[in-house]
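Data block below; observations after.
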Amino acid sequence: MKTRKWQSLLLVSLMAVGSLAGCSTTKVEEPKQTDTVKKEETSKVEDKKEEEAKLASPSWKTDTSDYTIKWFVAYDWYGKKFNPEVNLTDKWIYEQTGTKIEFQTGDIDKLNVLIKTGQLPDIITVEANSTQRKMLEQNGTVLPLNQLVEEYAPELLVPESQKEWYTAEDGNWYSICNFYYGEDNVSENNGFFETHNQNFVRDDIMKQIGANYEDLRTKEGFLDALRKVKEANITYNGNKVVPYMGLMTDFLAEQLAEQFGSSQEDKEGNFQSIYRTPEFLESVLFLNQMYREGLMTDESFTMSADQIKQKAASGQFFATTRWTNVSSTRDSLYAQDPAAKYLYAGLMKGDNHDYVAVPAKSNAGWTATLINANTKRPDRAIQLLSFLTQKEALYNANYGMGGYTIENGKIILNPEMVKLQAENPTEYNAKYGDGIGWLTDYTFIQGGFDFDDDKVWGEDINARTRDPQVLIYDDKCFTDVAPAAGSEEGAIFARINEYKTQALGRVITASSAEQCEALYKEALAEMDKLGLKQLEEYQNTLFQANKVKLGLEFAHPFNQ
């Protein structure tokens, strides 16, 4: 680009000189031989620069000189340190691209300060559905990726449907999102929609009480299993096993409402709050029954996510709802006791529907990664992202260098690396772990991982991700309806969430089903006073636009 600009200026200058020469009576001297040589040398230099400006294939090989990219991640828990001298994956990234990464982290408040003071680094990663992402795109703070890709990184690997979904009103595309699921990349990579809204139980206790997994798919069958655990007065490692634990602070009531068939699209195709649906009332009545029967304790109202994971690791409860409650700790329990395995227990069908349909887990992506408009080397930034979106980089991000092989299109894990990761995660992460999953298209992993190769969890993973009795539908239309930060609707949204958290405790711990329903109706009336209807109207505008973008008349499967 600089070469073309220089040549244009040179042409204009020569034309100006020629024009002046035509009007002058002064004799123009013939160029000396030394002048001709200088021009030839200058031309050679420019030709060389133009040759160097051509993209290599792949693009990240165009310039592999030592260069540092600064990358802000808006999650203050993220502690990745790029260390190519110790970490083999970091070393591979540096050797392939010549780029080192200097990570900076912080919460949304810090991000807002960086935006306000104009101190954003080269690359920024934020929550995909955040108002900050949209603000960065709308105020010219970040560069259009479609233009950067065309000029500097044509092989960047991102699903076309993702580009279309994230195309802004100005026609440009600014964000690369990880864990994005579209019809194109799911089908091309033999992937599938996933949900975290699932139930899990201790398999050894299921056998002890003589329960059947299929019975857990109905509300009464689920309750019967919990009652048997309570009646058996089961203890484990000196602790009394609680029949059921969940996280009210992590939308437990909403998750059960979804299992029972709650839809945030009414029969006319308009957006509605989940709190207004009959299935949400069904959910709180179900939780109230568990609480009144002593199947669920007060801990479910007060625990943090870390605390319930610790209880899962020590086997202190029989059943739970939400995959993340057991996903990172059931290995620890199994390592201590191979019989004590938390396994998938399906989802419960509600009273009003013939089958179970739940939204996928954030199909539109988890995080969005953007490039600062003020970065000095936009070419190096987009080429690094292009490198990190390739399949090999994504595999290394998930399994670490040397952690896998590809055989007949399937990912085969290195058993020694799996063992090291389980027994000494600190050593594994320092030497092999990538920690850069911000661009991961997980459908590559879904389609390539041989679940049958996992002797401990393979069967359970197959059951959890390919359950023929559960329809997992695309949630993009429903999730991208958050009100803008600082807006009146944003304030209403915050007030309702705060009130809802307090009110649900009173509703679910009511002394009877009748009192529970009465308190629920009071709470809904109070939400309306706080502005719930105004919020729904605002969200419905965004919801309808989302449906148009996807070419849908109705978004929920019960309406289709």
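Quick caveat: nothing in here was measured; it's all calculated off a predicted structure.
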(request) Only counting residues at least two apart or in another chain, list the ones meeting side-chain hydrogen bond (donor to acceptor under 3.5 Å, both in side chains) with S314. (result) Q316

(message) Would you say CD of E459 has more than 12 non-hydrogen atoms from neighbouring residues, nucleotides or ligands within 6.0 angstrom?
(response) no

(request) List the steps and the verdict of side-chain hydrogen bond (donor to acceptor under 3.5 Å, both in side chains) for Q544 and Q539. (result) CA-CA 9 Å; Q544 299 303 328; Q539 292 179 303; over 6 Å; no

(message) Please report whether the ring centroid of Y78 lies less than 6.0 Å from that of F103.
(response) yes

(message) Between W366 and Y442, is the ring centroid distance below 6.0 Å?
(response) no

(request) Taking salt bridge (Lys or Arg N to Asp or Glu O under 4.0 Å) as the test, write out the residues that go with E127, two or more places apart. (result) none

(request) Any salt bridge (charged side-chain N to carboxylate O under 4.0 Å, His left out) involving residues 502-521? Give me the pairs, sequence neighbours left out, ordered by first then second residue. (result) E517-K521

(message) Checking side-chain polar atoms at under 3.5 Å, does D460 have a donor or acceptor matched by the opposite partner on Y342?
(response) no

(message) Restricting to side-chain hydrogen bond (donor to acceptor under 3.5 Å, both in side chains), what partner residues turn up for E164, sequence neighbours left out?
(response) none

(request) Drop me the distance from T465's OG1 to Q198's CD, to the nearest 0.5 angstrom. (result) 8.5 Å

(message) Under 3.5 Å, is there a donor on one side chain and an acceptor on the other for T320 and N325?
(response) yes

(message) Once salt bridge (Lys or Arg N to Asp or Glu O under 4.0 Å) is applied, do any residues pair with D475, and if so which ones, sequence neighbours excluded?
(response) none

(message) I need the minimum non-hydrogen distance between I209 and V229, along with the two atoms involved.
(response) CD1-CG2, 3.9 Å

(message) Strictly by salt bridge (charged side-chain N to carboxylate O under 4.0 Å, His left out), give each pair with a member in residues 318-328 just once, sequence neighbours left out.
(response) D250-R322

(request) Answer yes or no: is there a donor N or O on one side and an acceptor on the other, between the side chain of Q515 and the main chain of A510, under 3.5 Å? (result) no

(message) Applying salt bridge (charged side-chain N to carboxylate O under 4.0 Å, His left out) as the test, list every pair that has at least one member in residues 342-357; sequence neighbours left out.
(response) K219-D351

(message) I'd like to know if the side chain of E194 pairs up with that of Q446 as donor and acceptor (distance under 3.5 Å, no hydrogens or angles considered).
(response) yes

(request) Would you mind reporting whether W438 and Y75 have side-chain heavy atoms less than 4.5 Å apart? (result) yes

(request) Could you verify whether a donor N or O on one side chain and an acceptor N or O on the other, from Q272 and D266, lie under 3.5 Å apart? (result) no

(request) Scan residues 339-348 for pairs that pass salt bridge (charged side-chain N to carboxylate O under 4.0 Å, His left out), counting only residues two or more places apart or in two chains. (result) none

(message) Is the ring pair F193/Y181 parallel, tilted or perpendicular, if the boundaries are 30 and 60 degrees?
(response) perpendicular

(message) Assess, by modelled atom type and distance only, whether the side chains of N197 and W323 contain a donor and an acceptor separated by less than 3.5 Å.
(response) no

(request) State, without any angle test, whether D184 and S161 hold a side-chain donor-acceptor pair at a distance under 3.5 Å. (result) yes

(message) With no hydrogens and no angle check, just 3.5 Å: does a side-chain donor-acceptor pair link S262 and E258?
(response) no

(message) Quiz question: by atom type and distance under 3.5 Å, do the side chains of Q255 and H196 form a donor-acceptor pair?
(response) no

(request) Would you check if there is a donor-acceptor pair between the side chains of E265 and N559 at a distance under 3.5 Å? (result) yes

(message) So which atom in A253 and which in M248 form the shortest heavy-atom distance, rounded to 0.1 Å?
(response) CB-CE, 4.2 Å

(request) Verify the distance criterion only: is there a donor paired with an acceptor across the side chains of T443 and Y180 at less than 3.5 Å? (result) no

What side-chain donor-acceptor pairs closer than 3.5 Å can you find for residues 489-501, not counting sequence neighbours?
from : atom 1 : to   : atom 2 : distance (Å)
E489 : OE2    : Q534 : NE2    : 3.3
K500 : NZ     : E254 : OE2    : 3.1
T501 : OG1    : N497 : O      : 3.0

(request) Ignoring hydrogens and angles, state whether a donor on the side chain of Y291 or D298 is under 3.5 Å from an acceptor on the partner side chain. (result) yes

(message) Over 60° means perpendicular and under 30° means parallel, so tell me whether Y473 and F478 are parallel, tilted or perpendicular.
(response) perpendicular

(request) Please identify each residue that fulfils side-chain hydrogen bond (donor to acceptor under 3.5 Å, both in side chains) with N363, with sequence neighbours left out. (result) D474

(message) If I take atom CD1 from residue I508 and atom CE from residue M290, how far apart are they, to the nearest 0.5 angstrom?
(response) 8.5 Å

(request) Consider only side-chain N and O atoms of T125 and T367, and report whether a donor and an acceptor are under 3.5 Å apart. (result) no

(message) Please tell me whether Q289 and E293 have a donor and an acceptor in their side chains that are separated by less than 3.5 angstrom.
(response) yes

(message) Going by salt bridge (Lys or Arg N to Asp or Glu O under 4.0 Å), name the residues that satisfy it together with K228, two or more places apart in sequence or in a different chain.
(response) none

(request) Check salt bridge (Lys or Arg N to Asp or Glu O under 4.0 Å) between D224 and all other residues, then give those that pass, not counting sequence neighbours. (result) R227

